[in-house]
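Before I ask anything, here is the structure I am working with.
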Amino acid sequence: MKTKYKEYRTLDLTRIGNDVQDYWKEHNTFEKSLELTKGKTPYIFYEGPPSANGIPGIHHVMARTIKDIFCRYKTMKGFYVSRKAGWDTHGLPIEIGVEKKLGITKEDIGKKISIEDYNKECRSEVMKYKDLWDDLTVKMGYWLDLDDPYITYSNKYIESVWYLLGKLHQKGLLYKGYTIQPYSPAAGTGLSTHELNQPGAYKTVKDNTVIAQFKVIRSEQSDFLFREMFGDVYFLAWTTTPWTLPSNTGLAVGKDITYQVIRTYNPYTFREQTMIMAKELVHQYLPEKNSQIELEDYNEGQKNIPYRIVGEYKGSDFENIRYEQLLPYAQPEEGDPFRVVIGDFVTTADGTGIVHIAPSFGADDFRVGRQYGLGSLTLVNKQGKFTEQMGEFAGRYVKVEYDENCVDKECPPVDIDIIVKLKHENKAFKSEKYEHSYPHCWRTDKPVLYYPLDSWFIRTTAYKDKMISLNNTINWKPESTGSGRFGNWLENLVDWNLSRSRFWGTPLPIWRTEDGMNEICIGSVLQLKNEIDKAVIAGLMKTNPLASFKEGDLTDGNYETFDLHRPFVDDIVLVSENGQPMQRETDLIDVWFDSGAVPYAQYHYPFDKSRSLESFFPADFIAEGVDQTRGWFFTLHAIAVMLFDSVSFKTCVSNGLVLDKAGNKMSKRLGNGVDPFETIKKFGPDATRWYLITNSQPWDNLKFDEGSITESQRKFFGTLYNTYAFFSLYANIDGFSYSEAELPLNERPEIDRWILSELNSLIMLVDESYADYEPTRAGRAIADFVDEHLSNWYVRLCRRRFWKGEYSADKVSAFQTLYTCLEALSRLMAPIAPFFAEQLFTDLNTVSGKKPADSVHLTEFPQAQPAMIDKGLEERMEMAQKISSMALSIRKKTNIRVRQPLSRILIPLLNETLKEQIEAVKNLILSEVNIKEIEYISDTEGILSKKIKPDFKKLGPKCGKDMKMIAEDMKDWNQAVIAEFEREKSYSKTYPNGNTYTFIQGDVEIQSDDLPGYNTASMGSLLVALDTMITPELKSEGIARELINRIQNLRKEKKFEVTDKIQVKIQSHPDMDEAVNQNFSYICSEILAQSFTLAEKLEGVEIDEIELTEIIKTNISIQKVD
RNA sequence: AGUCCCGUAGCUCAGUUGGUUAGAGCACUACACUGAUAAUGUAGGGGUCGGCAGUUCAACUCUGCCCGGGACUACCA
């Protein structure tokens, strides 16, 4: 054990970070913390896997700090917190990275490069930055088991994923469906929503739109539209994609939308017609004044086209009315097309309130088309060209962007030609350019089509209600993420599209016969091996690639004898029960399924039976950025609910973004990203973490500003460091090592009891805040305590106790108290600032040996002792602080420096308890503000002027509308009225409006306004006055203090030790000598003078000149006594 | 387009169940204090609490609409 507390020259948080990092490594502190808690209640945490093929940014430090805080806190609370690192290794970003690196496109895979080689590249590429990530993890102090991470591409991980998929299949939740998906004709591939959400995928484009006229067929159903014929009858429908019109098979209306029947003329052919559109939109196309023009007066080509509204119906009235096919190039093979249907998605936001339905090119269209059996037409091929059926348009690209020949030159879009044709055929009502945002393939930069494709889906909608009800049991931080963003997402749940037509990912383990009648979903390696054996027997496979896999052998070696990725699984052919070959469905699964499988797959569940499910599921806590709401949070939740009937996590903290100083999103493109390594190096890990956590709530976006880190560095860590430096300086001098028995509370002075009370209040608040996942509140409370209470009041007022006098009980009390505060602080702050806390704790503990632990992170979290909390005392001290502050402000106003003692401070008493409260802290106030006495003035003396103020909360409900008038009136109450009120304890007044109110005590607040003849200051109801008269005696004491101050400064200038004794000679000065004589012993004891003499004249090199006041200047000589 | 978050001093942020002079720190200016000294205190300037309505005796606080920033989602005809 050491005998001296470590003393530092300066605060260097970067050095502390490095030192402590080494210390942990040397002492295996993290491992120890796990050993120590092994067998205790587990606190389950999942690390969301980062992808190691990207460089970590500052926002990762944010998310990981939050994770680390609660894991450390719970460890200190005695839980076993296992923290397994993990890597997300599959998926598009990796594939894209590889393609960029090799200079190939998706089409080249399998041609220029084999799938095998391509995947080999992916596998090596994916861990490109692993070392960088590990380095950041260590440097920022995120405790995580990096030695045994889960890796999503490992065979064991994939096996667990397959197990989950097998379970879903067993439950009938996997199906193959033909749906409308984003598709890039230019790239020849379907796109995931992930890809559509790449930045910049949605672009604002100008499209040619048209309102097409669909001619109603007269029948029993539609007859009501034909009463009094006026040309033909048309439904008007708007589209931004005229190329889908040939594939139209239906029209959708809103059930409750009101539509009007209008007689008018077609603006292109000038023919009479009757048309139908939503009432709300009529005036967007037909100016109201034109209804005044007689229909008969219309001349062809005339600008203002007359019209008459002749009927009004609900959308539901139109259901199943038939119309003529608009562009009859082809007929659907099945279904009953060309009818009006009801669609819940129809709005009157724009268009005509009637929606053209092409089931092949829109998801809504597809759904409603299937619901009504409209049939469908797909007159566009996968290259984005019209099919041969399309007559004069056959072979033309539906978007000119797809046409390689139109890259450099303008080509007429086919949309225009279709519109022209419609106009000629009396099938168009209006055509215009329209600007809207439309998704583009982020790789080819060309527009996406929605196109029918085959995909595998998870029937998440079957568990929608269960997911919603279980979501309600999750503790979301902030709550709005769960109820709002996540809740809404669940309300609008659609089936999960699992398919990705990719190469590097978990293969879908489904094998099917060609006719799709037989299929098998493989749920384990063993099952696959056995199925292959059957296929070998059936002669479909020559050998079994899994032959050397040994059942029940969980070693890595056994799992490295094969590869579950493409192309190897593609080569496997299985045999169905009726002896037919089954090929694997070539899709990969969505990588989000990989990450949603983390809880199970990280421990190779259920194959590895060394852990029970309960020991790692569900999680008590997870945390990620709010952008994961529909990503990881959802996939975790969905899998857990569907397969385990449980939540996956009980608490979820979602943090906001880290923006740059100006509030812009950080991006590589703008180059405004912040390098976390540089930040940590520059400011140290603790200041960085502290700043990220305390500057704003984690779920608010953070504007990252280095200046603010400097601030937390200086303001919080600097102050705390100073406090420790102060403590160590004097504790070392006095040899304090906390060897004395703990002094009982009642033997400690008021101020010690006060800071201990504040400390325990703080412990309570911080403990609650951490427990409530409110790290910002915890951090701010700690910082406030350090700054306001500990440093600027306790230490400031107690300085003398630490250095003055003998090693008395009072001194021991001071040391014990300050030590207790510092040590408790180290443990309170340990979760947020683990390095500094460690340094502080070990510096204290290696001398005192009070805790058996060699790390703050191995200690228990401080426990508040309610018995030490004295709210009355805290209030009293607050009052002392206020009074001192007011007294100092009066000194400032009157230009009387603090070193000049004053005789008295005057405080009017408004109630009985006030005096008691102040008396208890009187000495603190007096010494702090250098005043001799406090005098109380009771109001009977009549020298006090008072004012009265209504208590709005009380009087408001009572007086209602008169409140304002009363408040105004009370300002004018004179002293006599106030005195009467105080005497009688009630007062009635009738106001000009005739209302009478009786005010009683408590309805109002009475405050001292002023003390005539004195300088005063007030805060709330507290008034303080200062007697600024300076007697000769006070003046001489003031001079003595000035002298002491100058001598102390000289001691320091001369670099004397604080314990050195000195000999002083001073040159006599007429205005000073008396002050010296009167305060001789006081001066000597303050400056540790062994001798102090006045001399007539002092000269020489050892002489310093000092200035005590403007008029007192003299010479002095100070010498150290050896 | 929908959903959610944010908008308070030049900057970063507090602001309790609505209660009447809206706070703190940084920065700036001046003055002090200091045996913690690259720390600290006091004072000062600086605000239409994003805007407009509404509810109320009373709105930074509650409601609605709008504006700005951001995120997520999206089938927008």
Side-chain angles (χ1 to χ4, degrees), chain A residues 10-11 180 193 196-197 202 209 237-241 244 252 343 345-347 349-352 354-358 361-367 436-439 450 478 480-481 483-489 492 625-627 629-631 656-657 659 661 663-665 694-696 699-701 703 705 707-708 710-711 714-715 718-719 721-727 729-730 780 784 787 791-792 795-796 799-800 802-804 885 888-889 891-893 895 897-899 949-967 1045 1048-1049 1051-1052 1056 1058 1086-1088:
Chain A
T10 53
L11 170 64
I180 308 304
T193 51
L196 273 196
N197 281 297
Y202 280 83
T209 71
W238 181 59
T239 179
T240 56
T241 51
T244 61
F345 50 87
V346 180
T347 67
D350 42 27
T352 61
I354 301 175
V355 178
H356 135 68
I357 300 294
F361 303 113
D364 271 339
D365 310 45
F366 182 80
R367 202 160 36 82
H436 61 148
S437 88
Y438 194 84
Y450 289 90
S480 60
T481 300
S483 59
R485 185 175 294 198
F486 196 65
N488 274 313
W489 168 250
N492 298 313
V626 69
D627 52 340
T629 308
R630 275 98 182 223
L657 294 181
L659 308 169
K661 199 178 170 180
N664 299 309
K665 198 179 172 179
T694 57
N695 189 64
S696 60
W699 33 89
D700 285 344
N701 290 344
K703 285 182 198 157
D705 176 22
S708 301
T710 316
E711 196 180 316
R714 215 185 51 235
K715 183 103 185 117
T719 308
Y721 156 79
N722 260 325
T723 309
Y724 167 78
F726 174 85
F727 168 82
L729 175 64
Y730 296 111
R780 284 177 177 168
D784 286 350
D787 185 38
S791 172
N792 277 320
V795 172
R796 187 179 155 84
R799 275 189 306 247
R800 291 177 72 85
F802 288 89
W803 57 267
K804 190 81 182 153
S885 154
L888 290 170
S889 97
R891 278 182 174 277
K892 160 79 188 151
K893 246 186 283 176
N895 271 325
R897 55 184 57 188
V898 181
R899 269 191 232 104
K949 229 180 83 181
D951 181 338
F952 286 87
K953 221 166 178 168
K954 291 247 175 62
L955 276 179
K958 207 153 125 183
C959 306
K961 280 191 201 303
D962 292 336
M963 197 58 237
K964 252 183 196 149
M965 174 188 72
I966 292 167
N1045 169 254
Q1048 301 290 33
N1049 287 345
R1051 285 183 61 118
K1052 195 183 294 176
F1056 291 0
V1058 296
E1086 287 296 307
I1087 60 173
L1088 301 181

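A quick note: this is a predicted structure, and the numbers were derived from the prediction, not measured. Order of the sequence lines fixes the chain letters, A, B, ..., with proteins taken first and strands second; residue numbering starts at 1 for each chain.
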Does A:T719 offer a backbone N or O that forms a donor-acceptor pair with the side chain of A:T723 under 3.5 Å?
yes
Distance test, side-chain N/O of A:N695 to OP1/OP2 of B:rC13, below 4.0 Å:
yes
Using the C1' atom as the point on both nucleotides, what is the distance between B:rC28 and B:rG10, in whole Å?
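That atom pair is separated by 10 Å.
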Pick the P atom in B:rU12 and in B:rG50, then give their distance to the nearest Å.
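About 14 Å, rounded to a whole number of Å.
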Do any side-chain nitrogens or oxygens of A:Y450 fall under 4.0 Å of OP1 or OP2 in B:rC76?
yes
When we call it a touch if two heavy atoms are under 4.0 Å apart, what does A:Y730 touch: a base, just sugar-phosphate, or nothing?
sugar-phosphate
State the dot-bracket string of RNA chain B. Criteria: Watson-Crick or G-U wobble, both atom distances under 3.5 angstrom; notation: ( ) intrastrand, [ ] crossing earlier pairs, | interstrand, . unpaired.
(((((((..((((.....[...)))).(((((.......))))).....(((((..]....))))))))))))....
What nucleic acid atoms does A:L1088 come within less than 4.0 Å of, heavy atoms only: base, sugar-phosphate, or nothing?
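Here A:L1088 touches the bases of the nucleic acid.
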Are any of A:N1045's side-chain N or O atoms less than 4.0 Å away from OP1 or OP2 of B:rC33?
no
Non-neighbouring partners of A:R899 that pass side chain to side chain contact (heavy atoms under 4.5 Å, CB included), sequence neighbours left out
A:R897, A:R1041, A:E1042, A:N1045, A:R1046
With sequence neighbours left out, write down each residue that passes side chain to side chain contact (heavy atoms under 4.5 Å, CB included) with A:Y730, or none if nothing qualifies.
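With sequence neighbours excluded, A:Y730 shows a side chain to side chain contact (heavy atoms under 4.5 Å, CB included) to A:F726, A:I733, A:F802, A:W803, A:F815, A:V1058, given in chain and number order.
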Donor-acceptor pair under 3.5 Å: do we get one between A:S791's side chain and the base of B:rA36?
yes
Base, sugar-phosphate, or nothing: which does A:R796 touch, judged by heavy atoms less than 4.0 Å apart?
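Base contact.
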Measure from the side-chain heavy atoms of A:T723 and tell me the nearest of B:rA77, B:rU40, B:rA36.
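Ranking B:rA77, B:rU40, B:rA36 by closest atom to the A:T723 side chain puts B:rA36 first.
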Using the C1' atom as the reference point in each nucleotide, state the distance between B:rU8 and B:rG15 in Å, no decimals.
9 Å
Counting the atoms with a prime plus P, OP1 and OP2 as sugar-phosphate, which does A:D365 contact under 4.0 Å by heavy atoms, base, sugar-phosphate, or nothing?
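No contact.
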Report the nucleotide, chosen from B:rA77, B:rA36, B:rA14, that has the shortest atom-to-atom distance to any side-chain atom of A:H356.
B:rA77
A:T240 has its side chain closest, among B:rC13, B:rC76, B:rA36, to B:rC76
Pick base, sugar-phosphate or nothing for A:R367, based on heavy-atom distances below 4.0 Å to the nucleic acid.
nothing
What interatomic distance, in whole Å, is found between P of B:rG7 and the corresponding atom of B:rA14?
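So the two P atoms sit 8 Å from each other.
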